[in-house]
Amino acid sequence: MKYLTRFLFLVIFSFTNHLTAQSLGEHYNNLVNEAELSITEGNYKQALNKYKEAYTTGVGFGVDLYNAAVCAHKEKNTEQVLAFADKLAGKGVGAKFFKRKVFESYISDKAFQKVIHKAEKVRKEKMQANSKYLAGLNEFGKRDSIYNKLRLTKYHDEWKLPDTLENLFRDNTRNMLDYIKKNGFYSEKKLGVHIASDTMFGEIRRPDIVFLHYLEMGRDKNLLDEIKDIYINKMISGDIKPSFLAGIIELSNQVFVETGGYIFNIFECQIYKLREVPEFDEINRRRKTYLQLSLDDFEKKLVFKYCRNSYFDFHYTLINRPVSKEDYFYSNSDVIGNVKDCKLN
């Protein structure tokens, strides 16, 4: 009886831990979603409180830490600005990141100088600690670039890749996936924040390009499913943001279910939304499966990102789709915002 009780305890404990891990990304994302919606409404104090609550989950992406710091700046709360800047420094953003305009008034502060020093130190430490791992990943990226160049030149007009080239893509992608399974996923937790150009948050890393190429034209269904599963599982566990997965969904070749990206478009410096969406409720249900925002929340954040000048950094992206029949497009779409700093050619 004693052993049975112990066994049942271990089973329940493991199952509870599994549920907690699986729900972590969703719980964090729900709180960040509330914070961002508060930002769109100008309620920075409420947004700051939601960010603080989100960080109690143990998850904390660099872009969210930055937005929390901006909220604190808006609230004139220097202590909180420094606290979130310090967390950013611990993510390895590097010293140059703090050249962002929102931090200008804090540069002369001695405490802030310590944050900048820490940011550069952590960045170098993370680069050194992961140098071997990154070198291994880069080899897969180099081979993928060679194969993709052939695809876009020699086989540009082919509707289907020759078996030899498809096999090269497949084997390289499979080997990279096995490498990641063995050595860990290239997440922010492992590598630190991905900074694209000193002060800009990056999202897609080189391994994502390899995966995207295979999602676009690969024929091995098992491999396609494995790539899809690793992205979904890492999102659920809080290792990648749902907004990042949204970009992968849009760029891949219908490997994921339709989540309504076609509903919005940027054309001639304006954001348009389809007037009638027959599957509106069904699309929202699919979006929830991938922890994506509802279409209504997505619309609010798109308008905020593209139409308002602010220090905030919202990573929600529209892929410009060509408009072939303008009369039809105009008659079936509504303008929901004018894109800031946009000039027609």
Side-chain angles (χ1 to χ4, degrees), residues 23-88 91 93 97-98 100-106 188 193 199-201 203 235-236 238 240-247 259-260 263-264 271 273 280 283-284 287-288 290-318 336-341:
S23 63
L24 189 61
E26 182 174 8
H27 182 46
Y28 173 84
N29 187 62
N30 286 341
L31 292 166
V32 168
N33 181 43
E34 291 181 49
E36 291 178 343
L37 289 173
S38 294
I39 288 171
T40 66
E41 296 164 0
N43 192 338
Y44 307 121
K45 184 177 181 179
Q46 181 171 296
L48 191 56
N49 288 333
K50 286 297 178 182
Y51 278 127
K52 288 178 183 177
E53 188 178 351
Y55 302 140
T56 64
T57 65
V59 181
F61 291 98
V63 67
D64 300 327
L65 290 168
Y66 168 75
N67 284 332
V70 177
C71 286
H73 171 74
K74 293 282 189 181
E75 288 293 300
K76 299 183 177 3
N77 189 332
T78 301
E79 182 181 349
Q80 286 296 303
V81 172
L82 290 172
F84 283 109
D86 185 66
K87 290 179 185 294
L88 268 172
K91 288 278 188 177
V93 293
F97 179 83
F98 293 103
R100 278 198 165 199
K101 192 172 179 62
V102 70
F103 297 118
E104 282 182 354
S105 59
Y106 306 97
E188 193 172 293
V193 177
T199 63
M200 301 297 294
F201 287 104
E203 284 203 323
M235 177 192 65
I236 290 172
I240 62 175
K241 285 179 69 68
S243 58
F244 168 79
L245 182 62
T259 56
I263 295 170
F264 303 94
I271 302 180
K273 178 185 177 183
F280 190 87
I283 289 172
N284 271 331
R287 291 178 68 83
K288 190 174 182 180
Y290 295 135
L291 306 189
Q292 304 298 304
L293 310 167
S294 70
L295 289 171
D296 288 339
D297 287 352
F298 186 48
E299 179 180 341
K300 291 175 185 176
K301 295 185 185 184
L302 285 177
V303 172
F304 183 85
K305 173 181 176 175
Y306 285 100
C307 305
R308 289 174 57 179
N309 288 304
S310 75
Y311 291 140
F312 292 101
D313 199 329
F314 277 21
H315 277 217
Y316 301 100
T317 305
L318 282 180
I336 59 173
N338 297 310
V339 180
K340 63 187 177 185
D341 305 324

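Within the model, atoms CD of E34 and CD1 of I39 stand 12.5 Å from one another, a figure rounded to the nearest 0.5 Å. In this structure, CG on N29 lies 11.5 Å from CD1 on I236, to the nearest 0.5 angstrom. Rounded to the nearest 0.5 angstrom, L291 CG and M235 CE are separated by 3.5 Å. Remark: H27 NE2 to N30 CG distance equals 8.0 Å, nearest 0.5 Å. To the nearest 0.5 angstrom, N67 atom CG is 11.0 Å from F84 atom CZ. The NZ atom of K288 sits 13.0 Å away from atom CG of L293, with the distance rounded to the nearest 0.5 Å.
Panel note: side chain R100, backbone T199; a donor-acceptor pair is recorded below 3.5 Å. Side-chain N or O atoms of K340 include one that pairs as donor or acceptor with a backbone N or O of K305 at under 3.5 Å. For the pair K91 (side chain) and L65 (backbone), a donor-acceptor distance under 3.5 Å is absent.
For V59 against Y28, the heavy-atom pair with the smallest separation is O-CE1, 3.2 Å. Across all their heavy atoms, L31 and A54 have their closest contact at CD1-CA, 3.6 Å. Between L295 and I283, the closest heavy-atom pair is CD1-CG2, 3.9 Å. Counting all heavy atoms, side chain and backbone alike, V81 lies closest to A69 at CG2-O, 3.7 Å. For the pair A72 and Q80, the tightest heavy-atom approach, listed with the atom from each and the gap, is CB-CB, 3.6 Å. Between F298 and T317, the shortest heavy-atom distance links the atoms CZ-O, 4.5 Å.
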For this session: Start with the C-alpha distance between V32 and F61, add both sets of side-chain angles, then the distance that settles side chain to side chain contact (heavy atoms under 4.5 Å, CB included), and finish with yes or no.
Result: CA-CA 10 Å; V32 168; F61 291 98; over 6 Å; no
For this session: Please step through side chain to side chain contact (heavy atoms under 4.5 Å, CB included) for the pair E299 and F304, ending with a clear verdict.
Result: CA-CA 9 Å; E299 179 180 341; F304 183 85; over 6 Å; no
Exercise. H315 and D313: side-chain hydrogen bond (donor to acceptor under 3.5 Å, both in side chains), yes or no, with the steps?
Worked result: CA-CA 6 Å; H315 277 217; D313 199 329; 3.0 Å; yes
Problem set entry | Criterion side chain to side chain contact (heavy atoms under 4.5 Å, CB included) on I263 and K273, from CA distance to verdict | CA-CA 6 Å; I263 295 170; K273 178 185 177 183; 3.8 Å; yes
Exercise. So K301 and N33, side chain to side chain contact (heavy atoms under 4.5 Å, CB included) or not? Walk me through it.
Worked result: CA-CA 10 Å; K301 295 185 185 184; N33 181 43; 2.6 Å; yes
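Contact of the E104 side chain with the F98 side chain is not registered, since no non-hydrogen atoms from C-beta on lie closer than 4.5 Å. With a 4.5 Å cut-off on side-chain heavy atoms, K52 and L48 count as touching. The shortest distance between side-chain heavy atoms of L37 and N43 does not fall below 4.5 Å. Side chains of C307 and N338 form no contact here, defined as non-hydrogen atoms less than 4.5 Å apart.
Taking the six-membered ring wherever Trp is involved, the centroid distance between the rings of Y44 and F312 falls below 6.0 Å. For F97 and Y66, the gap between ring centers is short of 6.0 Å. In this structure, H73 has its ring center closer than 6.0 angstrom to the ring center of Y106.
Using a 3.5 Å distance cut-off with no hydrogens or angles, the side chains of Q292 and Y316 do not pair a donor with an acceptor.
The pair D64-K50 does not meet the salt-bridge criterion, since no charged nitrogen lies less than 4.0 angstrom from a carboxylate oxygen.
Cation-pi check for R308 over F314 is not met; the charged atom does not lie both under 6.0 angstrom from the ring centroid and within 45 degrees of its normal.
No more than 12 heavy-atom neighbours from other residues, nucleotides or ligands sit within 6.0 angstrom of NZ on K45.
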